[in-house]
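Okay, structure first, notes after.
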Amino acid sequence: MKDNRKPSAFINDIPLKYKFLFIYLLCVLVPILSINALFYVQISRNVEARERENLEISVDRVVYDLMQIVNECVAISNTVAADRPYMEMMDYAYPDNEAYYDAYNDSLKDKLRQYSTLHSYISWMGIYTSNPTIQNGNSYFNLSYADKQSEWYRKISSSTGKVLLTSYQGTNPLNPPQQEVLVSLIRKLDNFTGQPYTKYLRIDLRLNNMQELFQKERDYLDFKLLDEKNRLVLASDRSFSSLDASALLNVDTSLDQPSKQIVRALSSAAYTKGWRLVGTPEGRKINHEMDRALRNSLILVLLTIILPTLLMIVIIRSYNLRVRLLYKHMKLVKYEQFESIDMYEGKDEIGGLIRSFNLMTDKIRNLINDVYKLEIQKGSGAGTGPGRAEISGESGRPSFPFQYAECDPGHL
């Protein structure tokens with residue numbers, strides 16, 4: 001017979017169990033895994049983006065709080081610099097120490113102390129002047145050679161601006177061997193013309209208060225405050241004082257390495273130029289959210305795999321069991337065994353096929369029985385005639401197999 005098979009007919013040569021396996025793998029398992037993998041990737045990106053946005057908001061909040069402190073100090077320095085009577089007292093040439101201390105007790109003593117009392121973030125506040133009649137003590141100091149060699153003085157004297165935020169190392173007055181990091185706002189007191197002496201207002205910030213701002217976000221971020229020279233001024237997990245001077249104000253190199261750090265400039269003002277706040281995600285919050293997204297995705301994957309798999313098993317079992325049973329009985333027909341399929345056929349197409357098969361086998365068996373009975377009846381009627389007895393007597397036995405052979409389905 002000529003083979004007119006179409007190219008796509010090779011599918012008919014594949015066993016049913018492999019067809020169902022291919023259907024399950026390519027149409028159920030792979031699509032479900034692919035869709036859930038894409039779903040998890042998208043959720044992970046959304047979670048990471050949302051947490052990143054929240055962390056950036058936290059960093060911006062800390063930057064805002066820091067700038068509130070700095071700006072209030074700037075406002076205080078502007079108030080001091082704009083006080084003409086006060087500046088005249090600082091420029092007055094006192095004839096002797098007694099005249100200075102009279103002025104000190106009357107006006108100068110509590111002039112600056114009130115600000116540090118009202119604002120907890122101010123550690124110390126004082127004026128350095130070149131007026132030689134001002135006596136060193138409390139909040140007023142003559143500019144000495146050591147002062148002029150200090151880092152803060154070199155910065156403000158070389159600066160073109162009136163205000164400068166700076167960091168430097170100093171000695172802890174309560175523990176002289178101990179070095180500590182100082183962050184100060186320096187202001188030139190030169191608002192008025194004709195001032196004979198140079199004056200600088202120095203406001204030292206209390207770093208404990210600044211570090212408390214970092215601690216509010218300690219569950220999410222680790223903070224580092226860097227100055228204009230990229231030196232580490234303050235950190236969430238480090239002390240700002242040490243007996244080893246080389247352990248303070250070291251250049252931070254972490255920004256040169258690729259990471260997920262969030263970097264914010266303190267402000268665009270000239271006096272904070274170069275100052276930055278760096279927030280490093282702590283990781284636990286993001287990891288927790290990512291684990292939760294993964295857990296939800298896995299639960300969804302299991303549900304979307306188990307339910308279709310169970311459904312496929314039930315459908316394949318219903319289909320495969322009846323088809324295999326039908327195939328088995330069809331093979332028995334080949335060996336002249338016309339057995340009916342004893343089971344609930346179902347109302348689908350396979351059930352209809354099984355009923356048709358049972359009907360066919362029943363008709364074949366009935367036909368065989370009818371032919372066999374007819375031959376027996378013919379044999380019995382012929383036995384009463386003359387000469388038939390010999391055939392029936394001597395040839396009666398072989399005549400039965402012959403009659404049975406006539407009922408063979410091949411003959412039919």
Side-chain angles (χ1 to χ4, degrees), residues 66-168 170 173 182-206 209 228 266-267 269-273 275:
L66 288 176
M67 284 308 301
Q68 283 288 98
I69 295 175
V70 175
N71 289 333
E72 288 182 11
C73 290
V74 172
I76 292 172
S77 69
N78 291 336
T79 302
V80 173
D83 191 343
R84 182 182 287 273
Y86 182 52
M87 291 297 99
E88 290 177 351
M89 294 183 67
M90 293 301 301
D91 287 334
Y92 181 74
Y94 296 96
D96 51 32
N97 292 341
E98 183 178 354
Y100 168 73
Y101 283 113
D102 288 341
Y104 175 80
N105 291 326
D106 292 340
S107 302
L108 300 179
K109 181 178 181 180
D110 298 325
K111 189 68 177 179
L112 299 180
R113 184 182 300 174
Q114 60 177 332
Y115 295 108
S116 58
T117 303
L118 292 174
H119 303 281
S120 60
Y121 51 80
I122 296 179
S123 174
W124 180 83
M125 187 173 175
I127 294 178
Y128 289 83
T129 178
S130 59
N131 186 351
T133 63
I134 298 293
Q135 303 299 312
N136 291 333
N138 197 3
S139 299
Y140 306 97
F141 294 90
N142 272 307
L143 280 171
S144 63
Y145 176 78
D147 294 329
K148 293 180 180 179
Q149 297 301 314
S150 63
E151 184 176 352
W152 69 264
Y153 181 85
R154 293 197 306 269
K155 288 181 178 179
I156 191 63
S157 60
S158 61
S159 174
T160 57
K162 291 181 176 292
V163 184
L164 180 67
L165 183 68
T166 183
S167 61
Y168 53 95
L182 297 176
V183 177
S184 301
L185 184 83
I186 313 298
R187 168 65 189 253
K188 295 178 181 179
L189 301 177
D190 58 355
N191 282 20
F192 308 104
T193 59
Q195 292 179 299
Y197 301 110
T198 302
K199 298 178 293 298
Y200 298 104
L201 174 66
R202 195 181 98 184
I203 303 176
D204 293 345
L205 302 180
R206 198 181 299 276
N209 290 45
E228 74 280 1
L266 286 190
S267 74
Y271 52 85
T272 58
K273 183 179 181 181
W275 282 75

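Remember, predicted model here, so these are calculated numbers, not experimental data.
In this structure, a donor-acceptor pair under 3.5 Å is present between the side chains of Thr166 and Lys155. Side-chain polar atoms of Tyr104 and Asn138 form a donor-acceptor pair below 3.5 angstrom. Between the side chains of Ser150 and Asp147, no donor-acceptor pair of N or O atoms lies under 3.5 Å. Under the 3.5 Å distance criterion, with hydrogens and angles disregarded, a donor-acceptor pair is assigned to the side chains of Ser184 and Tyr168. Asn105 and Tyr100 are not linked by any side-chain donor-acceptor pair at a separation below 3.5 angstrom, with hydrogens and angles left out of the test.
Checked by atom type and distance alone, the side chain of Trp275 pairs as donor or acceptor with a backbone atom of Leu165 at under 3.5 Å. Between the Asn142 side chain and the Ser144 main chain, no donor and acceptor come within less than 3.5 Å of each other. Between the side chain of Asp110 and the main chain of Arg113, no donor-acceptor pair closer than 3.5 Å is present. Using a distance-only test at 3.5 Å, with no hydrogens or angles considered, no donor-acceptor pair links the side chain of Arg202 to the main chain of Gly126.
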* To do: Before giving the answer on side-chain contact (heavy atoms from CB on, under 4.5 Å), spell out for Phe141 and Thr129 the whole-Å C-alpha distance, their side-chain angles and the decisive distance to 0.1 Å.
  => CA-CA 6 Å; Phe141 294 90; Thr129 178; over 6 Å; no

* To do: Mind running salt bridge (charged side-chain N to carboxylate O under 4.0 Å, His left out) on Asp190 and Lys162 for me, showing each step along the way?
  => CA-CA 8 Å; Asp190 58 355; Lys162 291 181 176 292; 2.8 Å; yes

* To do: Output, in order, the C-alpha distance, side-chain angles, deciding distance and verdict of side-chain contact (heavy atoms from CB on, under 4.5 Å) for Leu185 and Leu164.
  => CA-CA 6 Å; Leu185 184 83; Leu164 180 67; over 6 Å; no

* Asked: Stepwise, does the side-chain contact (heavy atoms from CB on, under 4.5 Å) test hold for Gln135 with Tyr140?
  -> CA-CA 7 Å; Gln135 303 299 312; Tyr140 306 97; over 6 Å; no

* Should Ile122 and His119 be marked as a side-chain contact (heavy atoms from CB on, under 4.5 Å) after you check the CA-CA gap, both sets of side-chain angles, and the distance that decides it? -> CA-CA 6 Å; Ile122 296 179; His119 303 281; 3.9 Å; yes

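In this structure, Asn131 and Met90 have side chains that are not in contact, with every pair of non-hydrogen atoms separated by 4.5 Å or more.
Using a 30° and 60° split on the angle between ring planes, Tyr94 and Tyr92 fall in the perpendicular class, above 60°.
Taken to the nearest 0.5 Å, the NZ atom of Lys199 stands 3.5 Å off from the CG atom of Asp91. For the atom pair CG (Asn209) and OH (Tyr121), the distance works out to 10.0 Å, reported to the nearest 0.5 Å. Interatomic distance, CZ of Arg206 versus CD1 of Ile69, reported as 11.0 Å (0.5 Å rounding). Between Ile156 atom CD1 and Thr198 atom OG1 the span is 11.5 Å, to the nearest 0.5 Å. To the nearest 0.5 Å, atoms CE (Met125) and NZ (Lys111) are separated by 10.0 Å. To the nearest 0.5 Å, atoms CE (Met87) and CG (Asn191) are separated by 8.5 Å.
With respect to Tyr128, the ring-ring contact (aromatic ring centres under 6.0 Å, His included) criterion is satisfied by exactly one of Tyr153, Tyr197, Trp152: Trp152. With respect to Tyr271, the side chain to side chain contact (heavy atoms under 4.5 Å, CB included) criterion is satisfied by exactly one of Asn71, Leu266, Ile186: Asn71.
Contact record, Cys73 with Ile203: O-CD1, 3.6 Å, taken as the closest heavy-atom pair. In this structure, Arg187 and Ala81 approach most closely via the heavy-atom pair NH2-CB, 3.8 Å. The shortest heavy-atom contact between Thr133 and Ala93 is OG1-CA, 3.8 Å. The minimum heavy-atom distance linking Glu228 with Lys273 is given by the pair CB-O, 3.4 Å. Minimum interatomic distance between Gly170 and Leu182 (heavy atoms only, all atoms of both residues): CA-CD1, 4.0 Å. The nearest pair of heavy atoms linking Asp83 to Pro85 is OD1-CD, 3.1 Å.
Judged by the 6.0 Å distance and 45° axis criteria, Lys188 is not positioned over the aromatic ring of Tyr200.
Residue-environment remark: CD (Gln149) exceeds the threshold of 12 foreign heavy atoms within 6.0 Å.
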